[in-house]
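What follows is one structure encoded as structure tokens, with my remarks underneath.
From a predicted model like this one, the values you see are computed outputs, not experimental measurements. Residues take their numbers from the sequence shown, with the count starting at 1.
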Amino acid sequence: MQIVSENACFGGVQGVYTHTSEACGCDMTFGLFMPEEAKDGPVPVLWYLSGLTCTHENAMAKAGAQGWAAEQGIALIFPDTSPRGDDVADDDAYDLGKGAGFYVNATQAPWAPHFRMWDYIAEELPALATSEFAIDPERQAITGHSMGGHGALTLAMNLPGRYKSVSAFAPISHPTTGDWGRKQLSAYLGDDEAAWAPHDATLMMREAGFAGPVLTDTGTNDQFIDLLKPEALAEAVNARRQQAILRLQPGYDHSYFFVSTFMEDHVTFHAEALYAG
């Protein structure tokens, strides 16, 4: 692991680091905010998964999360959204290829050699982060925006016991039935839709749910709301009688102005779960 930068931030340190990823077969970059409390021992961590076209940098610079995390003594990890490099397959469209990994392990050509973002987020990066930094592996929570909200919800429901809480900003909630999903899941995973199901938050909510608190926010003026399908997730939550707070925020769109507005709520929500008991 190599240090790209480290800056003082709200009494802690906002760092950017690179490392060679076995999962993705390339160098990967991530952002990590460590609060001041980490000087005295391991701290809880909140994962933030970004959306289409983003890198580790978008939320790190735009979400305004560090100040709220510093108040709660929580670390923040901002992974990249896909593998990078000259040898990594790409597509001319913004919603496939680099910047659009969808947090799955690709099985299809030309994506399979590098697009293993599920393994990277679920296994490789947590192992690296907890070995190199004062992060408590028993106190993890996860959130994300758009494609990252999809990733946060599906990781949380597929890895029972890993995360104390899960939240999402404008998540892609039912990708197996929409244009933001069917294209990418078929490209990465093939035509067998049974392989897509673990990566659909609505289907996973129907099947497994989440043993903890859930929070989502979606703006009513989100220009992509018909692709996000928040109503599908709400129906699955109600059918399962899942503990959840699903909010529609009047007038808000899909931007980081929306994300930053409700970031305090989400960090506080996760802090309550991470420090409970």
Side-chain angles (χ1 to χ4, degrees), residues 10 12 31-38 40-50 59-60 63-79 103 121-123 125-127 129-130 133-146 148-171 173 201-202 204-205 207-218 230 233-234 236-238 240-249 258-277:
F10 291 100
L32 171 65
F33 170 74
M34 293 297 289
E36 187 174 14
E37 288 84 349
D40 299 321
V43 295
V45 62
L46 174 60
W47 293 80
Y48 184 101
L49 306 185
S50 288
M60 188 180 77
Q66 291 91 337
W68 307 120
E71 283 193 8
Q72 302 289 350
I74 293 172
L76 298 167
I77 297 181
F78 304 101
Y103 304 101
I121 300 297
E123 304 299 337
L125 189 53
T130 55
F133 301 95
I135 290 172
D136 184 354
E138 299 302 317
R139 290 187 293 167
Q140 300 187 59
I142 192 166
T143 188
H145 173 230
S146 193
H150 137 83
L153 290 167
T154 55
L155 280 156
M157 287 187 278
N158 277 282
L159 299 173
R162 171 71 62 88
Y163 306 104
K164 301 294 186 183
S165 50
V166 60
S167 74
F169 300 87
S173 297
T202 295
M204 284 304 302
M205 181 60 70
E207 178 182 335
F210 178 71
V214 177
L215 170 66
T216 70
D217 278 304
T218 303
L233 181 62
V237 163
N238 288 335
R240 191 169 186 82
R241 297 172 181 165
Q242 165 77 44
Q243 175 189 1
I245 302 169
L246 310 179
R247 306 190 300 195
L248 292 174
Q249 300 292 357
F258 154 68
V259 172
S260 61
T261 298
F262 298 101
M263 181 56 69
E264 180 185 9
D265 289 358
H266 284 245
V267 172
T268 302
F269 167 81
H270 289 296
E272 291 174 355
L274 288 166
Y275 284 110

Margin query: Show, in sequence, the C-alpha distance, side-chain angles and deciding distance for Glu138 and Lys164, and conclude whether the side chain to side chain contact (heavy atoms under 4.5 Å, CB included) test is met.
Written below: CA-CA 9 Å; Glu138 299 302 317; Lys164 301 294 186 183; 5.8 Å; no

Check: Could you walk me through whether Gln140 and Ile135 pass the side chain to side chain contact (heavy atoms under 4.5 Å, CB included) check?
Finding: CA-CA 9 Å; Gln140 300 187 59; Ile135 290 172; 5.7 Å; no

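The side chain to side chain donor-acceptor pair (under 3.5 Å) search around Arg240 returns none, not counting sequence neighbours. Remark: Glu123 pairs with Arg162 by the salt bridge (charged side-chain N to carboxylate O under 4.0 Å, His left out) rule, at least two apart or across chains.
Taking 4.5 Å as the limit, some side-chain heavy atom of Asp265 sits within range of a side-chain heavy atom of Arg247. Residues Leu32 and Phe133 are in side-chain contact: their nearest non-hydrogen atoms beyond the backbone lie under 4.5 Å apart. Using a 4.5 Å heavy-atom threshold, the side chains of Leu76 and Pro35 count as separate. The side-chain heavy atoms of Asp217 and His266, taken from C-beta on, include a pair separated by under 4.5 Å. With contacts defined as side-chain heavy-atom distances shorter than 4.5 Å, the pair Phe169/Tyr48 qualifies. A 4.5 Å side-chain heavy-atom check between Trp47 and Leu155 finds every atom pair outside the cut-off. Looking at Phe33 and Met60, their side chains never come closer than 4.5 Å, going by heavy atoms from C-beta outward.
The backbone N or O of Pro213 sits nowhere less than 3.5 Å from a side-chain atom of Ser165 that would complete a donor-acceptor pair. At least one donor-acceptor pair under 3.5 Å links the side chain of Gln242 to the backbone N or O of Gly212.
To the nearest 0.5 Å, the span separating OG1 on Thr154 from CD1 on Ile142 amounts to 8.0 Å. Taking CG from Leu215 and NE2 from His270, the interatomic distance works out to 7.0 Å, rounded to the nearest 0.5 Å.
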